[in-house]
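So the structure is just underneath, and the comments pick up after that.
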Amino acid sequence: MSGIEMTGAAVMGMGKPVRSIQRAGESGFWAVNPMTGEMLEPKYGCATDAEVAEAATRAGEAAWAMAVSSGEMRAELLRKIAEKLLSAQEAIVQRAHLETGLPLARLNGEMGRTVGQLRLFADVAADGSWVDARIDTAQPERTPIPRPAVRSMLRPLGPVVVFGASNFPLAFSVAGGDTAAALAAGCPVIVKAHPAHPGTSELVGRAICEATSELGWPEGTFALLFDSGMAVGAALVQHPLVQAVAFTGSTAGGQALMKLAASRPEPIPCFAEMGSSNPVFVLPGAMEARAGAIAGGLATSFTLGSGQFCTKPGVVFVTKSTPESFWETLRAAVGGMASMGMLTAGIAARYRQGVDARKRGAHGVETFAEAARTDESQIAAGAPTLMKTTLEHYVSTPELEEEIFGPTMLVVEYATVEELTWVAQGLRGHLTTTIHAEEADGEFVAGLLAALERRAGRVVWNSYPTGVEVCHAMVHGGPFPATSDSRFTSVGTASILRFARPVCFQDVPDGWLPKELQGSNPLGMERIVNGRRTRESLE
Ligand code: NAP
């Protein structure tokens, strides 16, 4: 690889320091196995102020080299990271199982998704057309004023700080979608490891460092810092060299980081992907035709991964004339379940508090099904719980629209379909909304669809929202409070757009322009030249 000088990251075995991975420290913490409560070695030190400053300085240095790297070079890096992750897959998955309690099969699947995501971004970087190159050629003869040569494209923002969530220790964590998108765009990445899975983070971080080191990328291309609390994350967001924040996690966490990013002397974008209750609207015709199937689908969807998905259906609207088979199917499914293992003792405790508060706080909410058995093998666990209420009570109790992270769902009964469109219009922002409809519901669909499109990043039809496809057309986003910026997605290839900004070059001579904008089109890219999409050169 040419043009990028490596500044000397030495990659050593597990437990030994890598300069880009901070681990030792005076104050520190251990990962805890949520299934047994056992503390897992080794101890992870919290990063010091000096380590935060060093990571940011090195990322600032690396940003220069990354900005002039080619898409092919970044694609090579992403593919190498994928290869390194696959070579370390067994160790990573075993450690992730101990730290999260997630089943090995799920974690192996998540590794597949993580590697696929890295390779997809490699293809995007290599193709290069994501930079949206536009050229308006000069018109020196134009009167009364000649037109200059105006060319623009997307350029990388600079160092990005990434915060992953606890519920996807691979796909939304150290080498997850945010890291893949930022590296593909040409931005250095500093990850603040999630304290619930530090060992997994370290192993993944080492795989990334091996890749950057073998390919000769600067040390500051990637860094991983640990902390058991919030100080390191806050310091990173406030560091003047950091140019953007990508966060996946709770509403409280996301909003705290948004405030910090906005209150800096130089405010920066904070792309916070937070939680939502992902309302599902079952129209009367669909309920009449498929009551049992819809109930079965919902039971699976809200308990998948112990309900610890940001896309879990938390609220379902059903007609008051819903057949008994719907309620029976849900009661039977949940009654046959045991309490479910959760990611951390803290998440399990917050889940129980949330469910108890909903049961206690609102006289209009009734619990109609609850897991009868307790799984004694799980220390951190939550019982699947179904509650129901009326539409009147739902609309007068705004907290019922909030996410409870875990296996619970609220069923809301409506009297008329007209009420549904009105409720849909008043929703806060959600990651997803879902419609179940049949032909008989036709006349109500258009109004509901129009309302839901305005309140969510993704509208799901006759299916269930849990799970997000990583592809080109995916939108995993939505209006606040689901995310901090509804114009972007955090999943899929379009998420690269968060980490770049348009720059216009006016009358800059060809030889000084990025290759993407040069007249001969040396990369053979599709560009917009004088308003027309073309791969032709200007010569
Ligand atoms: P979390 O508790 O918010 O933690 C996420 C990360 O942010 C952690 O590293 C955490 O560090 C850090 N953090 C949180 N608050 C902070 C603050 N005020 N200052 C600095 N750092 C802060 O979330 P989680 O428990 O990992 O994940 C569960 C939540 O994520 C659920 O609500 C779920 O819906 C949501 N989620 C959303 C998506 C999405 O795509 N939108 C995907 C998955 C999950 P500390 O723990 O040290 O504070």
Side-chain angles (χ1 to χ4, degrees), residues 9 11-47 51 55 81-82 84-115 162-176 178-179 189-212 222-229 232-233 248-249 305 308 341-348 378-380:
V11 176
M12 305 172 208
M14 171 93 178
K16 297 192 190 143
V18 172
R19 280 191 65 173
S20 299
I21 299 184
Q22 165 272 329
R23 213 188 75 175
E26 287 279 301
S27 60
F29 65 103
W30 283 262
V32 177
N33 182 330
M35 299 172 284
T36 62
E38 174 202 0
M39 277 161 63
L40 301 167
E41 291 295 343
K43 180 186 174 194
Y44 285 87
C46 301
E51 283 163 334
I81 295 172
K84 294 286 176 189
L85 286 179
L86 286 177
S87 338
Q89 175 161 350
E90 199 178 335
I92 293 171
V93 163
Q94 289 292 343
R95 177 75 191 195
H97 173 62
L98 291 179
E99 291 185 332
T100 64
L102 293 172
L104 291 170
R106 144 79 200 266
L107 290 164
N108 277 308
E110 196 178 322
M111 177 62 94
R113 173 187 166 129
T114 309
V115 163
V162 170
F163 293 81
S166 54
N167 59 346
F168 285 92
L170 305 176
F172 276 92
S173 192
V174 179
D178 289 337
T179 298
V189 170
I190 305 171
V191 176
K192 204 292 278 185
H194 197 294
H197 54 263
T200 310
S201 299
E202 182 185 355
L203 290 168
V204 172
R206 283 177 181 278
I208 299 177
C209 286
E210 280 177 29
T212 55
F222 170 82
L224 177 62
L225 300 181
F226 295 93
D227 191 14
S228 57
V232 169
T248 306
Q308 300 170 116
M342 301 197 73
L343 289 156
T344 67
I347 286 176
Q378 304 281 348
I379 297 273

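Since the structure is predicted, the reported quantities are computational estimates derived from the model, not experimental observations. Positions are given from 1 along the sequence.
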- Is the shortest distance from a Lys or Arg side-chain nitrogen in Glu202 or Arg206 to a carboxylate oxygen in the other one below 4.0 Å? yes
The reported gap from CG in Leu203 to CD in Gln89 (rounded to nearest 0.5 angstrom) is 12.5 Å
For Ser166 and Ile347, the nearest pair of non-hydrogen atoms, with its separation, is OG-CD1, 3.4 Å
Check your understanding: Are Ile208 and Lys84 close enough that some pair of their side-chain heavy atoms sits under 4.5 Å apart?
Key -> no
On a heavy-atom basis, the closest approach of Ala55 and Ala223 is CB-CB, 4.2 Å
Expected output: side-chain Asn167 to main-chain Gln308 donor-acceptor under 3.5 Å = yes
Taken to the nearest 0.5 Å, the spacing of Ile190 CD1 from Phe163 CZ works out to 10.0 Å
Any donor-acceptor pair under 3.5 Å from Asp227 side chain to Val232 backbone:
yes
The single option from Val174, Val162, Ile81 that satisfies side-chain contact (heavy atoms from CB on, under 4.5 Å) with Phe222 is Val174
* Do Val204 and Leu85 come within less than 4.5 Å of each other through their side chains, counting heavy atoms only? -> yes
Closest non-hydrogen atoms of Pro198 and Phe226, given as atom of the first, atom of the second and distance, are O-CE2, 3.5 Å
Note: Gly205 and Leu224 closest approach over all heavy atoms is CA-CD2, 4.1 Å
Tightest non-hydrogen contact, residues Gly101 and Pro34, listed as N-CG, 3.7 Å
Report task. Measure up the His197 and His194 rings against each other and bin them: parallel (under 30°), tilted (30 to 60°), perpendicular (over 60°). Result -> parallel
Nearest heavy-atom contact between Arg95 and Thr200 is CG-N, 3.6 Å
Tell me whether Glu99 contacts the main-chain N or O of Ala31 through its side chain, where contact means a donor paired with an acceptor under 3.5 Å. no
side-chain contact (heavy atoms from CB on, under 4.5 Å) with Pro169: of Thr114, Leu107, Leu343, only one passes, and it is Leu107
One should read off an interatomic distance between Arg113 CZ and Arg106 CZ, to the nearest 0.5 angstrom, of 9.0 Å
So CD1 of Ile92 and CG of Leu170: to nearest 0.5 Å the spacing works out to 7.0 Å
CD (Glu110) and CG (Leu104) are apart, to the nearest 0.5 Å, by 12.5 Å
- Query: Distance-only, no hydrogens or angles: does the Ser173 side chain make a donor-acceptor pair with backbone N or O of Gly164 under 3.5 Å?
  - Reply: no
